[in-house]
Amino acid sequence: MRKFQNAGYMGLYGGLTVDDIHKRKKLKDDEKILDFMGSTELIANLFRISQTEERLKKDKIYGCKKATNTHYEVGTKVRKAIEDIGGTLPEDLPTPNKNIKEIEKEQLKRLKDKNTKLMLDE
C-alpha cells in the first residue's frame, strides 16, 4: 500500500515521496499530509486519487505493480495539466498554519454564533 500511495504523490509532486513532502511541510510524525493542504493542493490530490480509481476500474487493472504504475502515471498527468495551464505546482504551494480539523472546528463554532456567516471558501 505504501508503494502505491508513494507512486501517486511522486507523479504529482515531481518525484517527491511521502516522506519528502512530509519533511517539506515540516509535519510531525503523526500528522497527515492531506490534513495540511490549502484548497488548490487538496483538489489536485483528490483529482489524482479519483482519476486513478476510475482508471483502475475502467481498464480493469489488477495487481500491485500495474496499479502502482497507473497511480504514478495519473499523478504525472495531473502535474502536466497544472503546468500547462500555468498553475502553481503542489510542492510550491504554501502549507496552511492550521490543519483541516482545526479549521472545521472554527467553522462549526462560527455556525453556532448567529451573528457570523459561515465562510466555506476561507
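Sequential numbering from 1 along the given sequence is applied to the chain's residues.
- Side-chain atoms of Ile103 and Asn99, non-hydrogen and from C-beta on, never get closer than 4.5 Å to each other.
- Taking CD of Glu53 as the start and OG1 of Thr70 as the end, the distance is 13.0 Å to the nearest 0.5 Å.
- More than 12 heavy atoms of other residues, nucleotides or ligands shown are found within 6.0 angstrom of CG on Asp30.
- Inspection of the Tyr9 and Glu91 side chains reveals no N or O donor paired with an N or O acceptor under 3.5 Å.
- In this structure, Lys25 contributes its side chain and Phe36 its backbone to a donor-acceptor pair below 3.5 Å.
- With hydrophobic clusters built from ILVMFWY side chains whose heavy atoms lie under 4.5 angstrom apart, Phe47 shares a cluster with Leu89.
- Contact check for Lys32 versus His22: no side-chain heavy atoms found under the 4.5 Å cut-off.
- Judged purely by atom type and a 3.5 angstrom limit, Glu31 uses its side chain to pair as donor or acceptor with the backbone of Lys28.
- How far OH of Tyr13 is from CD1 of Ile33: 7.0 Å, rounded to the nearest 0.5 Å.
- In the model, Arg55 has no side-chain atom that pairs as donor or acceptor with a side-chain atom of His71 under 3.5 Å.
- In this structure, Leu12 and Ile82 have side chains that are in contact, with non-hydrogen atoms separated by less than 4.5 Å.
- Between the side chain of Asn45 and the backbone N or O of Glu41 there is at least one donor-acceptor pair closer than 3.5 Å.
- Rounded to the nearest 0.5 Å, atoms CG (Asp19) and CG (Asn6) are 7.0 Å apart.
- Looking at Thr76 and Lys80, their side chains never come closer than 4.5 Å, going by heavy atoms from C-beta outward.
- Transitive grouping of hydrophobic side chains (ILVMFWY, heavy atoms separated by less than 4.5 Å) brings Val78 and Leu34 into a common cluster.
- When all heavy atoms of Pro96 and Gly38 are compared, the closest pair comes out as CG-N, 3.5 Å.
- Atoms CG and CD, from Asp59 and Glu54 in turn, are 10.5 Å apart once rounded to the nearest 0.5 Å.
- From Thr17, atom OG1 reaches atom CZ of Arg2 across 7.5 Å, with rounding to the nearest 0.5 Å.
- In the hydrophobic clustering of ILVMFWY residues, with side-chain heavy atoms under 4.5 Å counting as a link, Phe4 and Val18 come out apart.
- In terms of hydrophobic clustering, with Ile, Leu, Val, Met, Phe, Trp and Tyr side chains grouped at heavy-atom distances under 4.5 Å, Leu93 and Leu27 are assigned to different clusters.
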Take Arg79 and Asp84, measure what salt bridge (Lys or Arg N to Asp or Glu O under 4.0 Å) needs, and give me the verdict at the end.
CA-CA 9 Å; Arg79 181 180 182 83; Asp84 288 349; over 6 Å; no
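- Rounded to the nearest 0.5 Å, atoms CG (Leu16) and CD1 (Ile21) are 5.5 Å apart.
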